There are 2 protein chains.
Amino acid sequence: MKKYEEIADELRRRIADGEYAEGEMLPDQIALAEEFGVSRMTLKKAIDMIAMEGLIFRKRGVGTFVIKSALWNSGDSKADEYAGLSKQFPNKTVKSKIILFDILFPPDNIQSLLMLEDNQPVYHLQRLRIIDDKPYILEDTYFVAGLVKDLTEDIIHHSIYDHIRDTLGLKIGGAYRKIHADRSNELDWQELACDQHTPILEVEQVVYLTNGTPFEYSTARSRFDTRSYTITDIIKQ
Amino acid sequence: MKKYEEIADELRRRIADGEYAEGEMLPDQIALAEEFGVSRMTLKKAIDMIAMEGLIFRKRGVGTFVIKSALWNSGDSKADEYAGLSKQFPNKTVKSKIILFDILFPPDNIQSLLMLEDNQPVYHLQRLRIIDDKPYILEDTYFVAGLVKDLTEDIIHHSIYDHIRDTLGLKIGGAYRKIHADRSNELDWQELACDQHTPILEVEQVVYLTNGTPFEYSTARSRFDTRSYTITDIIKQ
DNA sequence: CAGTGGTCTAGACCACGTC
DNA sequence: ACGTGGTCTAGACCACTGA
């Protein structure tokens with residue numbers, strides 16, 4: 001365990017426990033460095049981390065303070081987003097209905113978004129994700145077949161991301177997302193139990209590996225009254 | 001100008017100009033530190049910055065590489081989001097129609113989101129933002145009156161965020177956002193030129209100062225076919 | 001094994017706010 | 001003037017990868 005991570009953990013704990021109360025000033029960096037027995041640079045790295053998380057803020061010439069809104073506290077680790085639905089809802093039953101599973105050469109727009117050549121095939125997968133027996137998300141996904149190998153019927157019924165991460169050993173680097181509202185289409189009516197005038201929330205994304213190679217293009221559609229997308233945005237000053 | 005910012009700028013330029021091509025390895029940190037005449041710690045800080053922006057990735061024991069998708073390149077600085085519509089569309093005419101402007105004690109849910117006591121009033125402002133003479137966003141905003149002072153008819157016709165930042169000297173720290181799809185309501189029909197069955201994209205947010213004090217709660221509604229919300233998400237490894 | 005990036009040090013000086 | 005956080009150094013050692 002790196003020293004700055006250990007120190008950051010301890011500082012997070014002190015804030016959560018109220019040892020450093022909201023709005024109050026922390027001890028200065030020199031005092032903290034002495035307390036933890038590290039150099040000031042190392043201590044500052046720990047401080048930088050929890051500042052990025054939005055727990056504290058700093059004023060040069062004044063001090064370091066606990067931020068007032070513990071609102072977006074340490075609870076929701078962003079990594080969950082890529083862990084799959086089963087991890088996001090540990091207390092619910094998550095099932096999948098496979099609507100379509102095929103391998104093919106992608107249409108032009110998708111080929112270009114995934115930066116593919118003409119001879120590179122993709123898996124095309126449509127799944128309805130069902131939570132506690134209610135239809136929740138209608139996924140339409142294209143995976144680059146050369147990267148996301150060995151997709152089987154068994155895997156697509158469970159967590160594809162577990163397979164990508166654990167079996168294939170690929171590392172996810174990030175995603176580009178676009179969130180729309182949309183009119184519902186025939187497939188929505190069938191699968192999401194809605195009618196022609198039900199608004200739909202759609203999350204469209206391209207997901208990349210750490211080296212910048214795109215490996216997935218997908219859209220995820222839900223009824224307007226079952227899902228919303230949340231973001232906490234902290235400005236780097 | 002800080003040294004690590006200067007170095008980061010230069011490295012960004014080299015990547016943009018193709019001097020370091022996509023997928024290629026950069027010189028190692030010691031060589032770069034010597035070239036720029038700085039210590040390795042300072043050079044690494046510059047490298048860290050552009051890695052967070054998603055331009056490069058690193059493999060310990062191997063090297064530092066230019067990421068393949070220069071897609072989400074340095075173009076779109078996120079700070080724009082808080083600069084107001086007039087800055088986001090510099091080539092278009094941005095107008096505002098004031099629908100409602102009032103000062104009052106907020107309803108309970110908003111009082112709690114803004115962490116206010118019973119005796120703290122808020123401004124309530126409804127504006128239609130018009131771009132190139134087309135209705136675009138219907139804003140419904142509550143400002144904490146104790147923080148966002150001296151709102152006048154003149155200011156609300158132009159940029160409120162300029163007033164907050166420049167005149168009042170407040171520093172924005174971040175925001176918590178929720179993005180929904182919704183059915184349209186009567187006000188939408190009137191102001192956004194749509195009918196009863198037009199889906200609406202709504203961005204609901206609480207905006208905070210750097211010390212964590214919330215100062216704004218707002219919703220921004222648009223027709224589904226005029227706006228979408230984009231995010232680039234880079235995972236810290 | 002050589003070469004890479006990651007961590008850490010003990011100190012120095014600077015920029016800023018407050019008194 | 002003083003105390004705060006921000007930057008920077010010159011060097012050390014470690015962890016990992018690939019030949």
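By convention in this document, chain letters (A, B, ...) are assigned in the order of the sequence lines, proteins followed by strands, and residues within each chain are numbered from 1. Remember, it's a predicted structure, so these values are computed and weren't measured experimentally.
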Nearest-0.5 Å distance that lies between atom [atom1] in [X] and atom [atom2] in [Y]:
{"X": "I50(B)", "Y": "K45(B)", "atom1": "CD1", "atom2": "NZ", "answer": "14.5 Å"}
{"X": "I103(B)", "Y": "H124(B)", "atom1": "CD1", "atom2": "NE2", "answer": "12.5 Å"}
{"X": "I110(B)", "Y": "L116(B)", "atom1": "CD1", "atom2": "CG", "answer": "10.0 Å"}

[X] [atom1] to [N] [atom2]: how many Å, rounded?
{"X": "K45(A)", "N": "dT9(C)", "atom1": "NZ", "atom2": "P", "result": "12 Å"}
{"X": "K2(B)", "N": "dC8(D)", "atom1": "NZ", "atom2": "P", "result": "8 Å"}
{"X": "N211(A)", "N": "dT17(D)", "atom1": "CG", "atom2": "P", "result": "15 Å"}
{"X": "F57(B)", "N": "dC16(D)", "atom1": "CZ", "atom2": "P", "result": "18 Å"}
{"X": "I47(A)", "N": "dT7(D)", "atom1": "CD1", "atom2": "P", "result": "14 Å"}
{"X": "E6(A)", "N": "dC8(C)", "atom1": "CD", "atom2": "P", "result": "9 Å"}
{"X": "L43(B)", "N": "dA10(D)", "atom1": "CG", "atom2": "P", "result": "14 Å"}
{"X": "K3(B)", "N": "dA12(C)", "atom1": "NZ", "atom2": "C1'", "result": "13 Å"}

Side chain of [X] only, please: which of [options] is the nearest?
{"X": "Q29(B)", "options": "dT9(D), dG5(C), dT7(D)", "answer": "dG5(C)"}
{"X": "S39(A)", "options": "dA10(C), dC8(D), dT4(D)", "answer": "dA10(C)"}
{"X": "M41(A)", "options": "dA10(D), dT4(C), dC8(D)", "answer": "dC8(D)"}

*State, to the nearest 10°, the angle formed by the axis through the first five base pairs of the helix from dC1(C)-dG18(D) to dT18(C)-dA1(D) and the axis through its last five.*
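The end axes of the helix from dC1(C)-dG18(D) to dT18(C)-dA1(D) are about 10° apart, to the nearest 10°.
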Check the phosphate of [N] against [X], side-chain N and O only, distance under 4.0 Å to OP1 or OP2. Yes or no?
{"X": "Y4(B)", "N": "dT7(D)", "value": "yes"}
{"X": "R58(A)", "N": "dG6(D)", "value": "yes"}
{"X": "T42(A)", "N": "dT9(C)", "value": "yes"}

_I'd like to compare against my own output: the B/S/- annotation of nucleotides 13-19 of chain C with a strict under-4.0 Å heavy-atom distance to protein._
--BBS--
*Quick one: closest heavy-atom pair of Q120(A) and E117(A), and the distance?*
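Result for this residue pair: OE1-N, 2.8 Å.
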*So which heavy atom on L151(A) is nearest to which on I160(A), and how close?*
CD2-CG2, 4.3 Å
*Flag the pair Y123(B) / Y142(B) as yes when their ring centroid distance falls below 6.0 Å, and as no otherwise.*
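Centroid separation for Y123(B) and Y142(B): 6.0 Å or greater.
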Do [X] and [Y] have side-chain N/O donor and acceptor atoms under 3.5 Å apart?
{"X": "Y217(A)", "Y": "E204(A)", "value": "yes"}
{"X": "Y229(B)", "Y": "R177(A)", "value": "no"}
{"X": "T152(A)", "Y": "D154(A)", "value": "no"}

